[in-house]
Amino acid sequence: MSGAAAPDPVARAMRLVERFVRPAAECCTVEPVAAAAVPEPFRSLLDHDRHMTVTMERHHGGPVGLRVVQTEEGPGDWYAREIVLTAPDGRVVQFGIATLDLGAVDAATARRIRAGVEPLGRVLIDAGVLCAVGDVALVRVVPGPHLAALIGPQPTYGRVAASAVAGRAAVELLEIVAAG
């Protein structure tokens with residue numbers, strides 16, 4: 001998957017981080033990494049074109065929970081959120097930042113996303129929204145103080161990706177798997 005990714009995953013990741021954490025290094029530092037250099041289970045969890053929600057649910061044996069850390073709304077239908085996902089046993093298993101064009105989904109789906117109760121992937125799947133994940137690039141992540149407080153201080157791996165909803169570019173993502 002990651003071999004055909006869009007250029008400069010570090011810049012893509014830092015643009016997303018800077019929506020919520022400045023300077024970005026307070027959140028984390030990232031460097032690009034080839035899929036072959038990513039150890040398991042991180043490679044299987046990140047190097048694909050599916051929703052992370054489904055992948056994390058399969059890996060952790062049940063539905064993942066969502067905790068919204070912070071949100072931001074802009075002009076029109078622009079929306080962003082910083083989140084963590086939790087395993088069925090309550091452990092934090094993923095950190096993420098997503099920016100979304102909510103104009104790409106119907107009003108009911110946009111309300112569910114803004115409610116912040118369910119992971120984005122689950123909302124889109126339940127709504128029957130065709131959402132293709134692309135431009136996947138893998139990164140090695142060293143947590144700064146902000147990210148360490150959410151998922152722990154151990155270096156880990158993540159991905160930057162973009163999603164099209166019904167053929168319309170609508171989502172930018174940074175998804176980082178907790179190391180512990």
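Since the model is a prediction, treat every value here as computed from it, not as a measurement.
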Side chain to side chain, [X] and [Y], heavy atoms closer than 4.5 Å:
X      : Y      : value
Tyr79  : Glu72  : no
Thr99  : Val171 : no
Glu172 : Leu16  : yes
Phe42  : Thr156 : yes
Leu46  : Met52  : yes
Gln154 : Pro143 : no
Gln70  : Arg81  : no
Val133 : Arg159 : yes

Where do [X] and [Y] come nearest, in terms of heavy atoms and distance?
X      : Y      : result
Thr55  : Ser44  : CG2-O, 4.2 Å
Pro153 : Ala148 : CA-CB, 3.9 Å
Asp47  : Ala35  : OD2-CB, 3.4 Å
Arg19  : Ala80  : CD-CB, 4.2 Å
Gly158 : Val141 : N-CG2, 4.0 Å
Ala104 : Val165 : O-CG1, 3.5 Å

Do the side chains of [X] and [Y] join up, straight or via other hydrophobic residues, at under 4.5 Å, putting them in one cluster?
X      : Y      : answer
Leu120 : Val54  : no
Leu100 : Leu173 : yes
Val142 : Ile176 : no
Tyr157 : Leu150 : no
Val17  : Leu147 : yes

Ion pair Asp126/Arg122, N-O distance below 4.0 Å: yes
Is Asp101 salt-bridged to Arg168, going by a charged N under 4.0 Å from an acidic O? yes
Where do Glu175 and Val160 land on the side chain to side chain contact (heavy atoms under 4.5 Å, CB included) test, with the steps shown first? CA-CA 6 Å; Glu175 299 164 313; Val160 289; over 6 Å; no
For the pair Phe95 and His146, name the ring-plane relationship: parallel under 30°, tilted 30 to 60°, perpendicular over 60°. perpendicular
Please determine whether side chain to side chain contact (heavy atoms under 4.5 Å, CB included) holds for the pair His48 and Val136, giving the CA-CA distance in whole Å, both sets of side-chain angles, and the decisive distance to 0.1 Å. CA-CA 8 Å; His48 56 80; Val136 174; over 6 Å; no
Can you tell me how far apart [atom1] ([X]) and [atom2] ([Y]) are? Round to the nearest 0.5 Å.
X      : Y      : atom1 : atom2 : result
Arg50  : Met56  : CZ    : CE    : 12.5 Å
His60  : Asp89  : NE2   : CG    : 8.5 Å
Leu102 : Arg111 : CG    : CZ    : 11.5 Å
Leu85  : Arg91  : CG    : CZ    : 12.5 Å

With a 3.5 Å distance limit and no angle check, can you tell me whether [X] reaches the backbone of [Y] through a side-chain donor-acceptor pair?
X     : Y     : answer
Glu57 : Gly61 : no
His51 : Thr53 : no
Arg22 : Glu18 : yes

Apply the test side chain to side chain contact (heavy atoms under 4.5 Å, CB included) to residues Leu66 and Val84: give CA-CA distance (whole Å), side-chain angles for both, the deciding distance (0.1 Å), then the verdict. CA-CA 6 Å; Leu66 172 71; Val84 293; over 6 Å; no
Tell me, with the steps shown, if Ile83 and Val69 meet side chain to side chain contact (heavy atoms under 4.5 Å, CB included). CA-CA 5 Å; Ile83 61 97; Val69 177; 5.6 Å; no
Looking at [options], which hits side chain to side chain contact (heavy atoms under 4.5 Å, CB included) with [X]?
X      : options                : answer
Val30  : Cys28, Cys27, Pro32    : Cys28
Glu82  : Leu174, Ile97, Val68   : Ile97
Arg112 : Leu124, Val117, Val123 : Val123

